[in-house]
Each structure stands twice: as structure tokens, then as C-alpha cells.
Amino acid sequence: MSERPAAPPIRIGEAEWIVMREMPDRPAGLVKYFAPSGAPAYFRCVTWAPRSEDRRLIGRFATLAEAERAVPGGRRSAAPATPGSADAWEHGQVPWDAAPRRSGRYA
């Protein structure tokens with residue numbers, strides 16, 4: 001198998017992304033942005049499963065890029081998790097505090 005860079009997270013909703021890995025027809029992870037009132041905003045990352053109850057929490061992260069790197073599987077972003085890292089897809093990503101705010105749809 002060739003070493004291709006990881007694909008960027010794919011936005012599927014206002015505050016939701018899927019992360020692909022080895023299997024091109026099945027996501028490896030699901031990331032959702034949450035901004036609870038009175039608490040810091042975060043990106044929650046879970047393993048992918050068709051049914052919500054079968055998904056497992058990977059963690060909560062300050063940025064979408066950190067959440068993407070935490071998804072298990074084959075190809076990942078090659079850049080280390082350092083403040084100066086800049087994957088091609090990551091360029092221009094906003095920090096958690098500038099991401100879109102949660103709407104009633106995600107309550």
C-alpha cells in the first residue's frame with residue numbers, strides 16, 4: 001500500500017466531521033464541536049460505529065486537528081502535535097474559541 005497523506009476531516013454538519021483512515025467506505029472517527037454555556041468549548045472525538053451506542057469516546061480536544069490525530073487507524077496527519085505544526089489541511093484552521101457556536105440543533 002502506498003503512503004498517502006491522511007485526508008482532512010470531512011465536514012458533514014454545522015459542527016460535525018468524520019475522519020477517514022484505511023477503509024475508504026467507512027469512517028474511523030466522528031468529531032463534534034461543543035460550546036456548553038459556562039464551560040470551555042471543545043471537540044469531542046469518538047470511534048465510528050453506525051449506531052451511536054456502539055461508539056467509544058476517544059477524548060476531548062481544543063482543536064479539530066488534535067481530535068483528528070487522536071483517531072486510531074492507519075494513515076494519519078504526519079505533523080506532530082506541536083503548536084507550530086501545519087498540516088496542509090490544517091492551515092487556516094481556527095482555534096476552538098473561534099469555531100462556530102453550538103446551535104439548538106446540537107443541544
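The first residue in the sequence is number 1, and the count goes up from there.
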Could you go step by step and tell me if Val31 and Leu64 meet the side-chain contact (heavy atoms from CB on, under 4.5 Å) rule?
CA-CA 8 Å; Val31 178; Leu64 177 58; 3.9 Å; yes
Where is the tightest heavy-atom contact between Ala41 and Pro36, given as atom of each residue plus distance?
CA-CD, 4.4 Å
To check you understand the geometry: which heavy-atom pair defines the closest contact between Ala49 and Arg55, and what is its length?
O-NE, 2.8 Å
Could you pull out the closest heavy-atom pair between Gly29 and Val71, with the gap in Å?
N-CG1, 3.9 Å
Restricting to non-hydrogen atoms, name the atom on Glu22 and the atom on Pro24 that form the minimum distance, rounded to 0.1 Å.
O-CD, 3.2 Å
For Arg51, the side-chain contact (heavy atoms from CB on, under 4.5 Å) test, sequence neighbours excluded, returns Glu53, Asp54
Any side-chain heavy atom of Val19 sitting closer than 4.5 Å to one from Arg21?
yes
On a heavy-atom basis, which atom in Ala70 and which in Phe61 lie closest, and how many Å separate them?
CB-CZ, 3.4 Å
Is there side-chain contact between Arg60 and Phe43, with at least one heavy-atom pair below 4.5 Å?
no
Check: Leu30 and Ile12 side chains under 4.5 Å, non-hydrogen atoms
yes
Just jot down the side-chain contact (heavy atoms from CB on, under 4.5 Å) partners of Arg44, sequence neighbours excluded, or say none.
Lys32, Phe34, Tyr42, Val46, Leu57
Specify the closest pair of heavy atoms between Ala67 and Cys45, including all atoms of both residues, with the distance to one decimal.
O-SG, 3.6 Å
Any non-hydrogen side-chain atom of Pro72 less than 4.5 Å from a side-chain atom of Ile58?
yes
Stepwise, does the ring-ring contact (aromatic ring centres under 6.0 Å, His included) test hold for Tyr33 with Trp17?
CA-CA 9 Å; Tyr33 176 78; Trp17 297 260; 7.4 Å; no
Approximate separation, where rounding is to 0.5 Å, of Ile18 CD1 and Arg26 CZ:
12.0 Å
